[in-house]
Amino acid sequence: MNGETMLRNAASVVAGRRRTYGDPATSMASVAARWSITLGTPVSAAQVVLCLIDLKLARLAHDPAHQDSILDVAGYAAVLREVTR
């Protein structure tokens, strides 16, 4: 799969998650609120997305060719744009 196809697939995944879970900014804000309680410190929606990207990068360090993780990084990058508007 080339980069352009991968980005189209990532866009499709983000759209599907939007249909399943609702607006990504709202969803990430909800996760941030929960993580803030768990961690005992304020966490922003953008920080949630950055941590999820970091998780995928850690997995890619183990297997740099893992297509699902590459796709997820692209998808989370799109979500980051939505939560920082």
Side-chain angles (χ1 to χ4, degrees):
M1 166 181 348
N2 66 26
E4 188 176 323
T5 301
M6 186 271 308
L7 288 173
R8 278 196 298 271
N9 286 348
S12 177
V13 168
V14 171
R17 296 295 188 269
R18 182 185 308 277
R19 286 188 299 276
T20 302
Y21 301 112
D23 176 61
T26 302
S27 180
M28 293 300 124
S30 177
V31 173
R34 297 181 61 84
W35 286 9
S36 295
I37 293 166
T38 300
L39 297 172
T41 191
V43 175
S44 71
Q47 288 172 314
V48 169
V49 179
L50 290 170
C51 286
L52 293 171
I53 290 171
D54 203 32
L55 169 67
K56 296 301 178 170
L57 292 175
R59 289 180 178 175
L60 284 166
H62 175 72
D63 180 3
H66 191 258
Q67 292 299 306
D68 283 347
S69 292
I70 294 169
L71 185 72
D72 287 344
V73 168
Y76 283 131
V79 170
L80 182 61
R81 173 66 182 113
E82 293 198 29
V83 302
T84 57
R85 286 200 239 186

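Quick caveat, the model's predicted, so the values are computed rather than measured.
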Closest heavy-atom pair, Y76 versus V49, reported as atoms and distance to 0.1 Å, is O-CG1, 3.3 Å
Is I53 reachable from Y21 through a run of I, L, V, M, F, W or Y residues, each pair having side-chain heavy atoms under 4.5 Å apart?
no
For the hydrophobic clusters of this structure (ILVMFWY residues joined by side-chain heavy atoms under 4.5 Å, transitively), does one cluster hold both V31 and L39?
yes
Work out which heavy atom in A74 is nearest to a heavy atom in A10; give both atom names and the distance.
CB-CB, 3.8 Å
Identified side chain to side chain contact (heavy atoms under 4.5 Å, CB included) partner of M28 from the options L52, L80, V43
L52
Between L55 and I70, is there shared hydrophobic-cluster membership here, with clusters defined by ILVMFWY side-chain heavy atoms closer than 4.5 Å?
no
From N2 atom CG to R8 atom CZ, the distance as rounded to the nearest 0.5 Å:
7.0 Å
Counting only heavy atoms not in R34, do more than 12 fall under 6.0 Å of its CZ?
no
Could you tell me if the side chain of L50 sits less than 4.5 Å from the side chain of D54, heavy atoms only?
no
Heavy-atom side-chain contact between N9 and V13 under 4.5 Å
no
What heavy-atom pair brings V83 and A25 nearest, and what distance separates the two atoms?
CG1-CA, 3.6 Å
Pairwise side-chain hydrogen bond (donor to acceptor under 3.5 Å, both in side chains) hits with a residue in residues 56-68, at least two apart
K56-D72, H66-S69
For S12, check side-chain hydrogen bond (donor to acceptor under 3.5 Å, both in side chains) against everything at least two apart and list the hits.
none
In short, side-chain hydrogen bond (donor to acceptor under 3.5 Å, both in side chains) pairs touching residues 40-53 with sequence neighbours left out are S44-Q47
